[in-house]
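Here the structure is laid out as structure tokens; the discussion comes afterwards.
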Amino acid sequence: MLEKFVVRGRNRLRGEVNISGAKNAAVAIIPATILSDGVCTIENIPNINDVTLIARILKEMGADVSMVDKTTMKIDSNGISSPVATCESVKRIRASSYLLGALLGKFHKAKVLSPGGCNFGVRPIDQHLKAFSSLGAKCKVESGVIDIKAEKLIGSSVYMDTVSVGATINALLASVKAEGTTVIENAAKEPHIVDLANFLNSMGADIMGAGTDSIKIKGVKKLGGTTYSIIPDQIEAGTYMVASAITSGDVLIKNVIPKHLESITAKLEEIGAEVTVFSEAVRVKASNVLKKCTIKTMAHPGFPTDMQPQFASLLSVSDGTSIITEGVWENRFKYVEELNKMGANISVEGKVAVIEGTAGKSLIGAPVKAIDLRAGAALILAALTCEGKTTIDNIEQIERGYEDIVFKLSSLGGDIKKVFVPGDESLDLELAL
Ligand code: EPU
């Protein structure tokens, strides 16, 4: 059976929505438990496929993983006795690269299949390997397997040539139990880096400066168990902020850290949406057609690349010509073809997209395909504004990172359903509804 979303547009979203725990923090914190000699209880775990997958990989490696309740996961990684992760699931998720740092930190060696993840062009791991080498490890990549060994890990200066979330996380994981002090320079500053560092510190690590571009790690001998609650998901929150704006809605987005949303809030205000910031919530209201803007994505605290496709949908129905420059990924505009099928007018030249807004005129529902996670979210947002019905294919991409998206949007008044159809594209979806 194929699963699709069917969305009928033109409803204004209204009400309240609760944001789940952060995907990109969870998929780093779960493998980080490998470094602990105790039992870790992790709260505010989002119920999404990427989390299920990384937890399953740990389980297959020998960890004892269980859900205490819907959002609390308990992990005892002491059963992992071999530093090898070569099961097929590893290829399906980018975050499996964190097994490298965690296994290296614990066993001084790691053998992991090359990780998968969204396809935004080349996704090198040279900076991850550079960090491991700086700590004294020898790395080789052969037939799709990354093989790393170190006699001992010695704290050192790790300079990142490019700001990388993944490489910063791996450098943290590999250095927390190294001998002496490590300093990561030109580190990534994303909220999930800070969350991982806080998690490691709660297990007994000594990390200072996470959230700045220089992180200092004093190696410790042992890490114990902990109970830790994951931060809310910045990008899920941003996606619902855009959902409200694109439908001329009025939505209170709860369980967020407004500080993490500043770049998104600033852009929404710039184009004419009204954003009210509370201590743990933001309200986004839009009544008129929104305006054009220019966006350049960059590392935190700049405008997040993971919000770029969602804003492309929003600007497609705004007034005027907007320009989005992708500053992080080589190729993150593959979804434009799908949005254009719905009547958007976007042209792409290299890393720049030029969007001619419809000034409030509806897009038209069409059959489209989620190319990747955030691209899929962008299609749902566009579909919410469409005249008629949109069917979205390949929704497993969306379910990798958005918990209960059908329930959450429906409870705000959106018309979205998940349908199951036999694997024949030509069948009329209405029959399956
Ligand atoms: N890069 C290198 N060498 C490296 C690593 C990265 O040149 O060794 C380059 C990349 O090619 C890219 C840039 O550095 O141009 C940034 O890549 P980064 O390593 O920061 O990305 P990542 O860790 O692979 C994480 C998120 C992505 C998000 C990026 C950027 C996770 C699991 N993934 O990926 O999230 O787009 O940071 O913020 O945390 C998503 O959630 O939809 C998603 C794709």
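For reference, positions follow the sequence shown, starting with 1. Atoms within a ligand are numbered from 1 in the order they appear, just like the ligands themselves.
The local environment of NZ in K130 is crowded, with over 12 non-hydrogen atoms from other residues, nucleotides or ligands closer than 6.0 Å.
Counting heavy atoms from C-beta outward, S77 and M61 have side chains that stay 4.5 Å or more apart.
With a 4.0 Å heavy-atom cut-off, ligand 1 is reached by the backbone of Q127 and by its side chain too. When heavy-atom distances to ligand 1 are checked against a 4.0 Å cut-off, K23 comes that close only through its side chain, counted from C-beta outward.
Within the 4.0 Å heavy-atom cutoff, H300 does not count among the residues contacting ligand 1. At least one heavy atom of R332 sits closer than 4.0 Å to an atom of ligand 1.
Under 3.5 Å, the side chains of S156 and S134 contain no donor-acceptor pair of N or O atoms. Of the N and O atoms on the side chains of R332 and T305, at least one donor lies less than 3.5 Å from an acceptor on the other residue. No side-chain donor-acceptor contact under 3.5 Å links E43 and T72.
At least one N or O atom of S164 sits closer than 3.5 Å to an N or O atom of ligand 1. In terms of polar-atom proximity, defined here as any N/O pair under 3.5 Å, V165 does make such a contact with ligand 1. Below 3.5 Å of separation, one finds an N or O of V328 facing an N or O of ligand 1.
Proximity to G166 (heavy-atom distance under 4.0 Å) selects the following atoms of ligand 1: 19 (O), 23 (O). Interface of T305 with ligand 1, defined as ligand atoms under 4.0 Å from a residue heavy atom, comprises 30 (C), 36 (O), 38 (O). For ligand 1 and D126, the ligand atoms under 4.0 Å from any heavy atom of the residue are 2 (C), 3 (N), 4 (C), 7 (O), 8 (O). Per-residue contacts place I125 under 4.0 angstrom from the following atoms of ligand 1 (heavy atoms of the residue considered): 8 (O).
E262 and K259 are joined by a salt bridge, as a carboxylate oxygen and a charged side-chain nitrogen come within less than 4.0 angstrom of each other.
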### Message
For Q234 and L261: C-alpha separation, side-chain torsions, deciding distance, then whether side chain to side chain contact (heavy atoms under 4.5 Å, CB included) applies.
### Response
CA-CA 6 Å; Q234 174 201 29; L261 304 173; 4.1 Å; yes
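When K23, K70, K408 are each tested for a salt bridge (Lys or Arg N to Asp or Glu O under 4.0 Å) with E403, only one passes: K70.
Taking all atoms of both residues into account, the shortest heavy-atom contact from V328 to A299 is CG2-N, 4.2 Å.
Closest heavy-atom approach to atom 5 (C) of ligand 1 within the set A26, P124, A167: this belongs to P124. Of the candidates L129, L373, N24, D306, the one placing a heavy atom closest to atom 36 (O) of ligand 1 is D306.
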